[in-house]
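Letters A, B, ... mirror the listed sequences (proteins, then strands); counts begin at 1.
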Amino acid sequence: MNLFTDIRALVIENLTTMQDQGSLPDGLDFKNVAVEPPRDPLHGDMATNAAMVLAKPAKMKPRDIADKLAAMLADDPRVEVAEVAGPGFLNLRLATNIWHGVIGAALKDGADFGRSDMGAGKKVNVEFVSANPTGPLHIGHARGAVFGDALASLLDFAGHTVTREYYVNDGGAQVDVLARSAYERYREANGLQPEIAKGLYPGDYLLPIGQALKEKYGDSLIDQPESVWLDDLREFSTEAMMGMIREDLAALGVEMDVFYSEKSLYGTGLIEKALEELDAKGLIYQGTLPPPKGKPDAGWEPRLQTLFKSTEHGDDVDRPVKKSSGGWTYFAPDIAYHYDKVQRGFDLLIDVFGADHGGYVKRMKAAVSALSDGKVPLDVKLCQLVRLFKDGTPFKMSKRAGNFVTLREVVDLVGPDVARFVMLTRKNDAPLDFDLAKVLEQSKDNPVFYVQYASARIHSVLRKAVAAGIDVDMASLAKADLSLINHESELSVTKKLAEWPRLVEIAARTNEPHRVAFYLYELASEFHSLWNRGNDLPELRLLQEDNIDVTQAKIAHIVAVSIVISAGLAIVGVTPAEEMR
RNA sequence: GGUCCCAUAGCUCAACUGGAUAGAGCACCUGCCUUCUAAGCAGGGGGUUUCAGGUUCGAGUCCUGAUGGGAUCACCA
């Protein structure tokens with residue numbers, strides 16, 4: 001149930017009736033009619049802009065439309081008061097039993113409360129992380145991982161069919177470099193001095209690989225030319241790296257549905273096929289690119305290349321798909337990969353990139369647009385970088401990777417729940433400061449704690465209630481007399497609960513899972529506020545030992561809160577706390 | 001120089017894809033523990049939403065330009 005869409009439907013219904021009665025002209029577009037919670041609670045529970053939006057096309061005064069509409073809305077039993085305010089807003093105050101219905105719905109639907117069919121089962125592919133298989137994941141990847149995973153969960157909750165996918169860049173030059181780096185560690189394992197030349201990967205995470213290679217090959221590869229061992233070592237170390245990456249992701253609680261190998265695109269004709277597809281649309285040609293504008297042209301020389309006319313689909317310049325040496329550029333298999341996604345029948349593609357790949361967005365969108373004839377949208381979400389701190393000072397060193405902090409280190413330090421929640425305390429396109437000390441702090445400036453504390457308090461009450469012999473099982477709570485929930489402070493919490501289904505849809509429509517984390521903070525705040533009002537007003541305390549009925553109603557109420565917190569945390573990927581330690 | 005992202009309270013950030021008097025937290029003041037966890041709550045001060053124009057009933061939000069910060073910039077992935 002989504003109260004806001006229900007009431008919006010009511011508004012539209014009445015507008016249509018007005019048209020039938022001739023008090024509103026026909027042929028109006030109601031698409032911009034919105035029903036929203038007003039910023040200021042004094043304005044009521046909901047507000048609609050219908051009169052203002054329609055005034056101009058209807059050639060009427062907003063006031064006239066609003067007055068009429070208000071009178072009609074007030075006839076509905078759900079609406080207690082409808083009044084015109086400001087320039088033509090229509091403020092609605094809903095009957096109290098509407099809110100009781102929200103509590104009832106939450107209890108009945110449980111974890112599914114707020115689930116939406118907005119997505120109508122559309123197939124969505126969320127590609128995220130997609131880090132090169134040349135080393136462990138770092139903290140920046142962690143953000144992309146959490147963002148992508150939470151977005152996938154969110155879209156699922158909003159009625160989409162979601163595939164979580166990781167594109168493995170195992171086909172380019174960087175995996176050769178990995179193989180060479182591993183070879184040096186292999187030599188080292190055999191008692192030789194490794195020569196980590198410039199350009200090789202220096203991180204000591206390759207030490208175990210060297211050891212494993214020794215166990216596999218003994219000393220048979222020592223002093224052999226690269227041509228002998230390169231293929232084998234590339235295969236071996238890429239697999240080892242992917243194993244490590246999977247473990248890193250698992251530590252964060254991220255599970256991919258598909259690992260899609262770049263290498264698997266070669267030799268299958270898929271790249272050729274994708275480019276033929278573009279060629280058939282007249283988007284492939286031999287040509288030379290103009291020199292970069294304004295940039296000092298140090299070694300610029302014109303080159304004849306195979307180009308994709310990405311400018312036809314919104315890019316700034318056309319992009320090479322083939323090197324002059326004849327091999328594919330990185331872009332070519334990526335085109336094929338996205339072509340494959342389109343072929344697999346996805347209705348929507350989402351790519352989660354680090355902000356340093358921002359320059360890649362336009363050409364990727366151009367490719368998808370061209371390959372799907374504009375039918376499959378690609379939304380690219382960029383995650384800004386993460387800056388690590390400890391007690392306010394920058395935190396840098398890593399034992400294993402040399403110059404970056406690994407995802408694993410952070411997860412080991414703060415735990416997956418904290419790591420995940422913190423990653424969503426900023427919009428994806430805002431930089432994120434991650435303070436390893438502050439995120440573990442148990443105080444209200446730490447949103448992770450604050451939300452968990454609300455959950456823990458609810459469970460604490462449940463334990464006390466059980467100890468007092470009160471039935472708190474769902475069957476008993478379902479029978480509770482919710483009309484006993486009528487204090488302003490209580491209804492304030494309930495109204496926040498009523499926003500949950502709406503928030504899910506907004507967050508899913510904008511592909512912004514951080515909204516869930518912010519909502520949870522607000523809900524927790526409402527709950528803490530109610531809790532503390534019990535200090536002044538004993539009748540607001542949740543356990544009323546002399547009145548079982550009231551107590552059960554109040555417990556039913558906060559269990560509804562707990563249900564929404566759990567549902568929200570499930571999207572974020574965090575386990576709700578039952579007690580704080 | 002081109003492109004993309006960003007600019008909101010002293011600080012860190014929200015703001016419902018255009019709504020009413022722009023909201024939280026930190027910090028600063030003032031209150032609240034014989035109480036289901038005070039790890040919290042209530043209240044107060046604090047703003048020309050970087051600047052200049054434009055679009056309209058209405059702009060932090062959309063458009064143009066400027067300024068400042070970040071990312072990126074031909075056969076690297």
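Taking a 6.0 Å sphere around NZ of Lys68(A), one finds it holds 12 or fewer heavy atoms contributed by other residues, nucleotides or ligands.
Residue Gln305(A) places its side chain closer to A74(B) than to any other of C57(B), A74(B), G40(B). Counting only heavy atoms from C-beta on, Met52(A) has its side chain closest to C57(B) among A77(B), C57(B), G40(B). Candidate nucleotides G40(B), G19(B), C13(B) were compared by shortest atom distance to the side chain of Phe518(A), and C13(B) ranks first. Which of U17(B), G19(B), A20(B) sits closest to the side chain of Thr510(A) comes down to U17(B).
Distance noted for atom P between G40(B) and U3(B): 48 Å (whole Å). Comparing the same atom, C1', in C57(B) and in C41(B) gives a spacing of 41 Å after rounding to whole Å.
Map Ser525(A) and Ser325(A) each onto its nearest nucleotide of RNA chain B; the residue landing nearer the 5' end is Ser525(A). Heavy-atom nearest nucleotides on RNA chain B were determined for Glu522(A) and for Phe331(A), and the one closer to the 5' end corresponds to Glu522(A).
Between the CG atom of Leu520(A) and the P atom of A14(B) there is a distance of 16 Å, rounded to whole Å. The NZ-P distance, from Lys381(A) to A71(B), rounds to 21 Å in whole Å. Rounding to whole angstrom units, CD of residue Glu512(A) and P of C13(B) are separated by 16 Å. Nucleotide C57(B) holds its P atom 13 Å from the CD1 atom of Ile65(A), rounded to whole Å. One atom, NZ of Lys438(A), and another, P of C11(B), lie 15 Å apart when rounded to the nearest Å. Residue His141(A) contributes atom NE2, which lies 17 Å from atom P of A77(B) at whole-angstrom precision. Taking atom CG on Leu537(A) and atom C1' on A42(B), their separation rounds to 12 Å, with Å as the unit. Rounded to whole angstrom, the span from the CZ atom of Arg533(A) across to the C1' atom of G43(B) amounts to 12 Å.
Between the side chain of Ser261(A) and the backbone N or O of Val168(A), no donor-acceptor pair lies under 3.5 Å. Judged by distance alone, with hydrogens and angles left aside, the side-chain atoms of Ser492(A) form no donor-acceptor pair with the main-chain N or O of Ser489(A) at under 3.5 Å.
Shown here, C6(B) is classed anti by the O4'-C1'-N9-C4 or O4'-C1'-N1-C2 angle, which is more than 90° from 0.
For Glu545(A) and Lys464(A), the salt-bridge test fails: no basic side-chain N is under 4.0 Å from an acidic carboxylate O. Comment: Lys496(A) engages Glu522(A) in a salt bridge, judged by a side-chain N to carboxylate O separation of less than 4.0 angstrom.
When heavy atoms are screened at a 4.0 angstrom cut-off, Ala85(A) is found touching base atoms of the nucleic acid. At a threshold of 4.0 angstrom between heavy atoms, the contacts of Val175(A) with the nucleic acid are absent. Contacts of His514(A) with the nucleic acid, taken as non-hydrogen atoms under 4.0 Å apart, involve only primed sugar atoms and P, OP1 or OP2. Base contact: Tyr360(A) has a heavy atom under 4.0 Å from a base atom. Counting non-hydrogen atoms under 4.0 angstrom, Asn446(A) reaches nothing in the nucleic acid. At a threshold of 4.0 angstrom between heavy atoms, the contacts of Arg319(A) with the nucleic acid are absent. Counting non-hydrogen atoms under 4.0 angstrom, Tyr450(A) reaches the backbone sugars and phosphates but no base. Counting any heavy atom pair closer than 4.0 Å across all strands shown, Glu499(A) reaches no nucleic acid atom.
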task: Could you please spell out the steps behind the ring pair (Phe, Tyr, Trp, His ring centres under 6.0 Å) verdict for Tyr260(A) and Tyr166(A)?
output: CA-CA 6 Å; Tyr260(A) 196 102; Tyr166(A) 185 123; over 10 Å; no

message: At under 4.0 Å between heavy atoms, how does the protein contact nucleotides 33-38 of chain B? Give one character per nucleotide, 5' to 3', with B, S or -.
response: --BBBB

task: Take nucleotides 3-8 of chain B nucleotide by nucleotide from the 5' end and write B, S or -, depending on whether a protein heavy atom sits under 4.0 Å from the base, only from the sugar-phosphate, or from neither.
output: SSSS--

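At A42(B), one or more side-chain N or O atoms of Ser529(A) fall inside 4.0 Å of OP1 or OP2 (strictly under the cut-off).
In plain terms, the two heavy atoms of Arg143(A) and Arg426(A) that are nearest each other are NH2-CB, 3.8 Å.
Where stacking is scored as ring centres under 5.5 Å apart with planes under 30°, His43(A) registers as stacked on the base of A20(B). Stacking between Phe89(A) and A20(B) is shown: the ring centroid lies under 5.5 Å from the centre of the six-membered base ring, and the planes differ by under 30°.
A donor atom on one side chain and an acceptor atom on the other are found under 3.5 Å apart for Tyr453(A) and Arg457(A).
Relative to the six-membered ring of Phe331(A), Arg319(A) misses at least one condition, a distance below 6.0 Å or an angle of at most 45° to the axis. A cation-pi arrangement is present between Lys309(A) and Tyr285(A), with the terminal nitrogen or guanidinium carbon under 6.0 Å from the aromatic centre and inside a 45° cone about the axis.
Taking the six-membered ring for Trp and the full ring otherwise, Tyr450(A) and His528(A) have centroids separated by under 6.0 Å.
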